[in-house]
**Student:** 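Here's a structure for you.
Given the structure is predicted, the values throughout are model-derived calculations rather than measurements. Because only heavy atoms are used, hydrogens play no part in the values below, and waters and symmetry mates are left out as well, while side chains stay in.
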Amino acid sequence: MTTGYQATPQSTALVGRVVEVEVEAIAHGGHCVARHEGRVIFVRHTLPGERVRARITAGEATSRYLRADAVEVLRPAPGRVERRCPVSGPGLCGGCDFQHVSLGAQRDLLAGVVREQLHRLAGIEYDVVVEAVDDGDGLGWRTRVEFAVDSDHRLGLRRHRSHDVIPVDPCPIAHRSLDDFTRHAWDAARVEAVASSSGELLAVVTKPGARLPRLDLTGVVDADTGKRIGGRTYVREQVRGRSFRVTNGGFWQVHPAAAEALVSAVLQMSGVVPGGRVADLYAGVGLFTAFLADAAGDTGLVYGVESNQRAARDARRNLHGSSNVRLVHAPVEAALRGNQLEGPLDVVVLDPPRTGARSRVVTGIAALEPFRVVYVACDPAALARDIATFAEHGYALRTLRAFDLFPMTSHVECVALLTRTSPPPQGSDVQVAQATQPSDLGGRESA
């Protein structure tokens with residue numbers, strides 16, 4: 001029986017109405033697809049195969065699609081579990097998408113999203129498997145959390161699609177070393193809490209007031225000015241015996257196991273050998289650049305390209321002992337257009353922002369004639385669009401690995417290897433790398 005709302009010419013509002021729907025496939029963004037009276041509804045807090053009562057949260061009678069929250073489960077699907085967070089659920093915190101889903105089922109859902117984006121946007125059928133990076137329960141992993149502050153000076157997270165602040169004490173997915181942050185009042189607009197792999201804690205505070213809590217922190221930084229309020233302005237991250245300086249809560253993977261997992265995948269797929277010529281685009285503080293430079297050796301050359309001033313400054317400190325690295329402080333598109341990278345190159349590694357590399361950057365990379373392109377992506381739709389653009393320039397997807405670096409959320413990290421469909425130039429160092437790499441890197445491409 002449908003409890004839907006029939007709009008009349010006098011009334012177009014649907015928000016708050018409850019409809020009974022059959023839930024279909026998972027969609028990109030943490031919701032599932034359902035249909036009601038011929039219209040698509042994107043429903044959160046549900047699973048494919050369930051029948052639920054869903055409350056409309058956005059949309060009108062004239063809208064092409066609606067948004068809704070599942071407020072009652074009439075027929076649960078396998079994989080549904082009790083939520084581990086008291087503020088997760090319909091109308092509550094928007095920080096997690098899958099608190100109601102078992103970890104195994106979460107990875108299956110994410111794999112389905114990546115498969116669907118590759119098929120729809122790149123025309124590729126690919127059997128994606130999302131890999132776990134640890135054996136944990138999906139909680140206590142997030143080492144960087146940006147908290148909002150409510151009118152009572154409590155730290156919290158935003159209600160889904162809202163500016164309202166929901167206090168959390170503590171946040172279940174936050175790293176346990178950050179628990180003390182939520183147990184104190186903060187005279188600020190926002191607080192980014194950072195826990196490094198070396199055990200250091202940093203608070204990056206927006207609009208700090210006169211009174212901040214007394215916590216045992218490595219440093220407190222003003223987010224707007226970058227100036228030190230107390231202690232240091234940076235933390236140190238440790239990866240494979242190397243130390244990386246990261247200033248003011250700058251970009252670093254938020255899962256403790258992420259850096260190691262991604263470095264391993266990038267090195268395997270890139271196949272860099274001594275003498276190799278490599279470009280690391282969107283290099284950040286130099287994580288991939290450092291290990292690519294080690295692989296290329298003294299006779300090789302690695303470009304590291306980064307536009308953010310603080311990250312570029314950190315990269316110079318982190319890589320000062322690598323004589324085979326040339327750092328380029330510029331937007332990637334400008335560096336490619338301005339011929340600041342001398343081609344041809346053997347390998348290009350890129351880790352762009354969520355929006356992807358886009359056409360001009362892909363075209364610039366193709367002009368450098370690398371045989372291998374290793375693409376690290378946090379958004380499967382952007383990745384698929386860029387893979388389609390690479391195909392126009394003669395590059396094909398060879399293998400792809402996906403990692404569960406954001407448990408309880410709809411985010412997934414992918415590392416894709418693309419290779420030229422024509423042979424590499426005669427004498428290229430990549431020819432040597434190919435001979436020393438396994439012939440199968442684990443790809444499951446079926447078309």
Side-chain angles (χ1 to χ4, degrees), residues 118 121-122 251-253 258-259 261-272 276-293 295-296 301-308 311-312 315 325-338 340-403 405 412-420 430:
L118 288 172
L121 299 174
F251 177 77
W252 189 265
Q253 291 288 341
L262 295 177
V263 165
S264 178
V266 166
L267 290 178
Q268 179 198 31
M269 291 187 191
S270 65
V272 177
R277 294 174 56 85
V278 186
D280 180 19
L281 310 182
Y282 312 95
V285 301
L287 173 64
F288 298 141
T289 311
F291 296 105
L292 291 167
L301 174 63
V302 178
Y303 292 100
V305 182
E306 174 56 47
S307 63
N308 181 272
V325 171
R326 293 184 188 173
L327 293 174
V328 179
H329 178 208
V332 167
E333 184 180 339
L336 293 170
R337 189 175 59 245
Q340 296 187 60
L341 285 66
E342 297 179 5
L345 297 175
D346 300 315
V347 181
V348 169
V349 175
L350 67 156
D351 184 6
R354 190 168 299 279
T355 52
R358 299 186 173 181
S359 178
R360 290 181 180 177
V361 168
V362 171
T363 300
I365 292 171
L368 295 172
E369 301 181 351
F371 182 67
R372 295 187 181 197
V373 174
V374 180
Y375 192 135
V376 183
C378 59
D379 185 274
L383 171 64
R385 284 192 293 268
D386 286 341
I387 287 176
T389 307
F390 271 112
E392 297 172 1
H393 293 277
Y395 287 83
L397 178 66
R398 181 181 177 191
T399 190
L400 181 147
R401 295 177 68 185
F403 299 93
L405 301 185
V412 60
E413 195 87 4
C414 296
V415 184
L417 170 63
L418 297 93
T419 57
R420 280 211 319 234
V430 173

**Student:** If you compare all heavy atoms of Val376 against all heavy atoms of Pro352, which two are closest, and at what distance to 0.1 Å?
**Tutor:**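 Minimum heavy-atom separation between Val376 and Pro352: O-CD, 3.4 Å.
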
**Student:** Which heavy atom of Tyr395 sits nearest to which heavy atom of Pro370, and what is that distance?
**Tutor:**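 Taking every non-hydrogen atom into account, OH-O, 2.6 Å.
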
**Student:** Do Glu333 side-chain atoms and Val361 backbone N/O form a donor-acceptor pair below 3.5 Å?
**Tutor:**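 Between the backbone of Val361 and the side chain of Glu333 there is no qualifying donor-acceptor contact (under 3.5 Å).
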
**Student:** Once you round to the nearest 0.5 Å, how far does CG of Leu287 lie from CH2 of Trp252?
**Tutor:**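 Leu287 atom CG to Trp252 atom CH2 measures 4.5 Å (nearest 0.5 Å).
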
**Student:** Atom CZ in Phe371, atom CG in Leu345: separation rounded to 0.5 Å?
**Tutor:**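 CG of Leu345 is found 14.5 Å from CZ of Phe371.
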
**Student:** Working to the nearest 0.5 angstrom, can you tell me the gap between Leu383 CG and Leu118 CG?
**Tutor:**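 It comes to 6.5 Å.
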
**Student:** Find out whether Val374 and Phe288 are in side-chain contact, i.e. whether some heavy atom of one side chain is under 4.5 Å from a heavy atom of the other.
**Tutor:**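 Heavy-atom side-chain distance check fails, nothing below 4.5 Å.
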
**Student:** Distance check, rounded to the nearest 0.5 Å: Glu369 atom CD versus Asp346 atom CG?
**Tutor:**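 Answer for the CD-CG pair, Glu369 versus Asp346, is 11.5 Å.
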
**Student:** Of the non-hydrogen atoms in Ala283 and Thr289, which two are nearest, and what is the gap between them?
**Tutor:**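 The pair with the smallest heavy-atom distance is CB-OG1, 3.6 Å.
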
**Student:** Which is it for Leu368 and Leu336 under the side chain to side chain contact (heavy atoms under 4.5 Å, CB included) test, yes or no, and what are the steps along the way?
**Tutor:** CA-CA 9 Å; Leu368 295 172; Leu336 293 170; 3.7 Å; yes

**Student:** Answer yes or no: is there a side-chain heavy-atom contact under 4.5 Å between Arg398 and Met269?
**Tutor:**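 Contact flag for Arg398/Met269 side chains = no.
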
**Student:** Can you list everything that forms a side chain to side chain contact (heavy atoms under 4.5 Å, CB included) with Thr363? Sequence neighbours excluded, please.
**Tutor:**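 So Thr363 forms a side chain to side chain contact (heavy atoms under 4.5 Å, CB included) with Ser359, His393.
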
**Student:** Roughly how far apart are Asp351 CG and Tyr282 OH, rounded to 0.5 Å?
**Tutor:**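 So the CG of Asp351 and the OH of Tyr282 are separated by 10.0 Å.
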
**Student:** Give the C-alpha distance, both sets of side-chain angles, the deciding distance and a yes or no for side chain to side chain contact (heavy atoms under 4.5 Å, CB included) between Leu281 and Leu341.
**Tutor:** CA-CA 11 Å; Leu281 310 182; Leu341 285 66; 3.9 Å; yes

**Student:** Rounded to the nearest 0.5 Å, what separation is found between the CG atom of Leu301 and the CG atom of Leu292?
**Tutor:**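 It is 11.5 Å, given to the nearest 0.5 Å.
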
**Student:** So, for Tyr303 and Gln340, which heavy atoms are closest and what is the spacing to 0.1 Å?
**Tutor:**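 For Tyr303 versus Gln340, the nearest heavy atoms are CE2-O, 3.7 Å.
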
**Student:** Quick one: closest heavy-atom pair of Ser270 and Arg372, and the distance?
**Tutor:**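 Of all heavy-atom pairs spanning Ser270 and Arg372, the closest is O-CD, 3.5 Å.
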
**Student:** Applying the side chain to side chain contact (heavy atoms under 4.5 Å, CB included) test to Val272, which of Val347, Leu267, Val266 qualifies?
**Tutor:**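 Going through the options one by one, the only one that passes is Val347.
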
**Student:** Restricting to non-hydrogen atoms, name the atom on Asp386 and the atom on Ala357 that form the minimum distance, rounded to 0.1 Å.
**Tutor:**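 Scanning both residues completely, I find the closest heavy atoms to be OD2-N, 2.7 Å.
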
